[in-house]
Amino acid sequence: MTKFKASTRKDLPQIAEKLKLDKEQILDMQAVSAVLPFRVNDYVVENLIDPSDVPDDPIFQLTFPQRGMLEETDYQRMRDLVVRGASETEIKLAADEIRGKLNPHPAGQMELNVPKLDGEVVAGMQHKYQETVLFFPTQGQTCHAYCSYCFRWAQFIGDADLKFASKEAEELARYVRENPQVSSVLITGGDPMVMKTSILRRYIEPLLAEDLPNLHSIRIGTKALAYWPHRFTEGEDADDFMRLIGEVKAAGKHLALMAHSSHSRELEPDIAQLAVKRLLDAGAVIRCQAPLIRKVNDDANVWAQLWRKQVQLGMVPYYMFVERDTGAKAYFEVPLARAYKVFTEAYSQVSGLCRTVRGPSMSASPGKVLMDGITEVGGEKVFALKFLQGRDPSWVNRLFFAEYDPKATWLDGLKPAFGEDHFFFEEPTKKNQPESVRKP
Ligand SMILES: *Cc1c(COP(=O)(O)O)cnc(C)c1O
Ligand code: SF4
């Protein structure tokens with residue numbers, strides 16, 4: 001059996017050797033990774049990254065923090081410390097200071113949409129859209145490797161004990177029972193597939209009870225097909241997961257793996273394809289989604305190839321996301337106008353079977369908003385946008401327009417088109433209301 005081993009900053013010498021990094025590159029990595037930690041494993045380093053293409057290699061960009069993610073002065077400061085052999089304590093102190101300036105908590109997602117049981121907030125759940133509850137099992141709050149643009153590691157916490165898992169699982173099932181509008185539970189993280197199947201079972205089995213007829217589907221968000229396909233192919237634990245899928249099916253529910261799938265390269269190794277096959281044979285559906293990230297996949301041909309590969313293997317393209325406001329945002333962000341172009345160019349070269357994908361979509365505070373077109377209305381160039389999901393269900397599938405802005409990267413940077421004062425889903429601003437309704 002292949003043993004999983006995570007590598008972090010202290011393993012840089014071995015990684016440098018495998019990736020054939022030169023001295024400058026190693027210095028770079030030492031400086032940057034003191035602030036922005038990385039975590040990879042040998043499978044990713046040896047099978048997904050092409051050393052001859054570092055640093056431009058897309059999976060290298062995906063998994064290793066880069067110099068451009070820090071402000072130049074911060075970078076120089078860290079580099080100076082590394083060059084003069086400063087102590088780990090000194091390096092950590094400087095790193096903490098720089099981290100304090102970054103924003104690890106995007107869009108207030110954790111504070112909003114917290115569900116309640118008996119009037120008490122339930123930890124580890126989020127309920128924003130009527131039909132779907134997000135569940136963050138305490139045991140699943142890490143990943144087989146970290147994506148360099150993801151700041152979820154900021155909330156990754158140490159391991160809680162199993163008693164906690166059972167209590168969480170019981171609360172989740174009770175919440176679904178008491179909220180009959182919920183038809184789908186999405187187990188997410190981190191990556192829930194870092195958990196042993198026996199632990200995952202504690203969360204899933206209570207959801208299969210007969211008194212939860214409202215629950216139609218269970219989804220598991222995971223990047224393991226890309227970062228550690230062995231999770232699905234090797235050993236008793238993998239077999240047990242296949243059995244668990246069978247049990248979910250036998251209980252009459254749909255089981256979907258929501259695969260974080262960024263680049264077709266991830267689906268090329270035989271072991272990744274074997275993992276897909278086993279999951280499909282066991283009865284799961286695999287739906288694929290990923291954000292559009294500069295330097296990783298901001299290329300129409302990469303997406304077209306990715307969607308084709310997914311369909312070829314029996315997976316279903318689902319979402320292309322716009323990357324939201326995380327710490328190193330300037331490094332990764334792709335303007336909405338460009339995202340639309342990449343999506344459209346990719347979409348137009350694939351068959352209808354690939355066109356189950358939707359995007360580019362922003363998971364913004366009012367809802368999931370699709371960047372649906374760039375067009376002209378009455379002589380004004382505008383963005384056409386549409387709600388795929390709304391905090392208010394009556395917003396779903398509603399179109400709206402914003403002024404064309406080639407630089408805008410997110411919903412909150414857009415202005416309503418046609419000289420309007422606010423978008424329909426926002427409160428009117430005071431200054432533009434007529435005097436009579438303006439409050440003091
Ligand atoms: C995307 C998302 C969901 C699931 O939405 P679907 O359109 O059903 O895939 C649920 N909750 C939140 C907060 C989401 O962002
Ligand atoms: S796999 Fe998902 S949660 Fe984990 S680091 Fe990547 S984006 Fe973040």
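Counting starts at 1 for both ligands and their atoms, in listed order. All values below were derived from every heavy atom in this structure, side-chain atoms included, with hydrogens, water molecules and symmetry-related copies excluded.
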A.B. asks: Please assess Phe425 against Phe400 for the test ring-ring contact (aromatic ring centres under 6.0 Å, His included), listing each intermediate value before the final yes or no.
C.D. replies: CA-CA 10 Å; Phe425 53 88; Phe400 62 102; 5.2 Å; yes
A.B. asks: Could you go through Arg231 and Thr197, starting from their C-alpha distance and side-chain angles, then the distance that decides it, and tell me whether this counts as side-chain hydrogen bond (donor to acceptor under 3.5 Å, both in side chains)?
C.D. replies: CA-CA 10 Å; Arg231 174 65 184 83; Thr197 305; 2.9 Å; yes
A.B. asks: Are the aromatic ring centres of Trp307 and Phe343 under 6.0 angstrom apart?
C.D. replies: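 Yes - the distance between ring centres of Trp307 and Phe343 falls below the 6.0 Å cut-off.
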A.B. asks: Could you check whether any heavy atom of Gly190 sits closer than 4.0 Å to an atom of ligand 2, since that is the contact criterion I want to use?
C.D. replies: yes
A.B. asks: Does Arg219 come within less than 4.0 Å of ligand 1, judged by its heavy atoms?
C.D. replies: yes
A.B. asks: I'd like to check which ligand 1 atoms, numbered from 1 as shown, lie under 4.0 Å from a non-hydrogen atom of Tyr318.
C.D. replies: 6 (P), 7 (O), 8 (O), 9 (O)
A.B. asks: Check whether any N or O atom of Gln389, backbone or side chain, sits under 3.5 Å from an N or O atom of ligand 1, and answer yes or no.
C.D. replies: yes
A.B. asks: Would you say atom 4 (Fe) of ligand 2 has Cys143 as a near neighbour, meaning an N/O/S atom of that residue under 2.8 Å away?
C.D. replies: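 True for Cys143.
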A.B. asks: Are Gln61 and Tyr331 linked by a side-chain donor-acceptor pair shorter than 3.5 Å?
C.D. replies: yes
A.B. asks: If you measure from CZ on Phe4 to NE2 on His230, what distance do you get to the nearest 0.5 Å?
C.D. replies: 10.5 Å
A.B. asks: Kindly confirm whether atom 6 (Fe) of ligand 2 is within less than 2.8 Å of some N/O/S atom in Cys150?
C.D. replies: no
A.B. asks: Quick one: does ligand 1 sit under 4.0 Å from the side chain of Leu134, the backbone, both or neither, non-hydrogen atoms only?
C.D. replies: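 Contact part for Leu134 vs ligand 1: side chain (C-beta onward).
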A.B. asks: Kindly give the heavy-atom pair with the smallest separation between Ile204 and Ile187, and that separation in Å.
C.D. replies: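 Closest pair (atom of Ile204, atom of Ile187, distance): CG1-CD1, 3.8 Å.
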